Amino acid sequence: MRIAFYAPLKAPTHAIPSGDRRVARLLMQALSLAGHEVELASEFRSYEGRGDPARQAAIREEAGGIADSLLRKWRENTPQLWFTYHVYYKAPDWLGPRIAKALGIPYVLAEATHAPKRAGGPWAIGHEATAAALGMTARVFCLSRDDEACLVPLVGRGRITFLPPFLDPAPYRANGKETRDAFARQLHLPESEPWIVVAAMMREGDKLESYRLLAKVLSRVVDLPWRLLVAGDGAARGRVEAAFDELKDRVKFLGALEEEALVRLYGAGDLMVWPGVNEAFGMALLEAQAAGLPVVSCALRGIPDVVADGRTGLLAASLDEAALAARVRELLMDEGKRSAMGAEAARRVAAERSVAHAAERLRLLP
């Protein structure tokens with residue numbers, strides 16, 4: 001099947017790495033692996049973050065011209081299905097519904113969210129557009145069960161399919177003691193102490209709050225040996241580093257790492273700890289598990305769809321620093337449990353959360 005693929009929040013070709021860009025690329029990979037011919041329809045970004053209705057209307061108008069141009073392009077050899085990844089009130093899909101209707105082809109969404117509380121607010125235009133798009137879908141793929149409740153009234157359960165987050169596990173398998181030795185020499189780290197790994201962008205809002213909570217959590221386990229290795233960068237880096245000021249002798253800030261270096265870092269670590277404030281599901285949590293790291297996080301939003309509590313990591317019920325610290329302490333003190341959970345994490349990702357597994361779910365589309 002020939003598929004037109006689109007990601008209105010952030011195109012898979014976007015210059016700045018992010019979880020959103022990563023999932024878009026993985027979806028295109030999975031669709032291709034499923035035997036489909038996938039074409040990136042447009043790099044047009046519909047995101048409007050300030051709540052400016054005039055700007056939102058201008059984006060809608062611009063999108064209309066792009067849609068008309070695509071329809072002219074596809075006058076012959078039209079796609080057989082339109083597939084949009086990640087729509088919500090700040091980044092609605094102004095292209096897919098219009099084009100799918102004009103061409104008479106199925107319209108499919110993956111990771112769509114709809115929050116009733118946004119009705120009538122500063123993003124009412126995007127909120128209403130997202131509801132309309134959901135109403136015409138042939139299929140909605142949910143990457144998090146947390147999204148389903150608000151989608152059912154608009155879509156019905158019959159058109160919703162759970163597609164858990166996935167990745168290609170192959171790059172994460174070839175890490176061993178040599179990787180850890182290299183990091184120990186480079187960063188002057190004691191190999192005998194557990195290494196906690198974090199990989200997250202440093203920006204204002206939820207990411208910064210997660211970093212701040214992480215610092216509070218780790219301050220509760222300073223009686224135990226550990227080192228924290230942080231991969232990430234961004235506009236809030238100064239504030240992130242300030243949050244760890246009292247722990248700075250135990251923390252190494254590595255900056256933004258390319259994918260290959262990040263894979264090596266996961267392979268050198270012992271566990272990942274990330275509170276996940278308002279995290280949709282957390283691709284970094286899945287990546288760490290693919291490399292055999294157990295995860296400590298919170299059982300909020302889509303994180304339980306990524307981390308199997310008690311099997312591949314430990315989840316606190318809420319964003320409570322004492323509860324998170326207790327789970328970190330448990331894994332820091334029990335190397336055997338860390339090892340067993342890490343092995344199960346790698347096995348589960350390879351068996352149940354691989355791009356090949358996702359491709360099977362995407363093989364038959366409407």
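Model, not experiment: these values are computed from the prediction.
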Exercise. Quick one: do Asp168 and Arg25 make a salt bridge, cutoff under 4.0 Å?
Worked result: no

Exercise. Do you see a donor-acceptor pair shorter than 3.5 Å between the side chains of Arg301 and Ser144?
Worked result: no

For this session: Indicate yes or no: does Glu39 engage Arg2 in a salt bridge with an N to O separation below 4.0 Å.
Result: yes

Exercise. Distance-only, no hydrogens or angles: does the His36 side chain make a donor-acceptor pair with backbone N or O of Leu362 under 3.5 Å?
Worked result: yes

Problem set entry | salt_bridge(Asp309, Arg327) N-O dist < 4.0 Å | no

Exercise. Is Glu287 paired with Arg22 through a side-chain N to carboxylate O contact shorter than 4.0 Å?
Worked result: yes

Exercise. At what distance, to the nearest 0.5 angstrom, does CG of Leu218 lie from CD1 of Ile196?
Worked result: 5.0 Å

Exercise. If only atom types and distance count, is the side chain of Trp94 paired as donor or acceptor with the main-chain N or O of Glu61 below 3.5 Å?
Worked result: no

Exercise. Under 4.0 Å between a Lys/Arg side-chain N and an Asp/Glu carboxylate O for Glu209 and Arg239?
Worked result: no

For this session: Given side chain to side chain contact (heavy atoms under 4.5 Å, CB included), test Leu143 with Phe166 step by step and report yes or no.
Result: CA-CA 9 Å; Leu143 277 66; Phe166 60 91; 5.6 Å; no

For this session: Would you please test Val108 and Ile3 for side chain to side chain contact (heavy atoms under 4.5 Å, CB included) and show each step?
Result: CA-CA 10 Å; Val108 172; Ile3 296 175; over 6 Å; no

For this session: Could you check if a side-chain atom of Arg220 sits within less than 4.5 angstrom of a side-chain atom of Lys216, using non-hydrogen atoms only?
Result: no

Problem set entry | Donor-acceptor contact below 3.5 Å, side chain Tyr88 vs main chain Leu9 | no

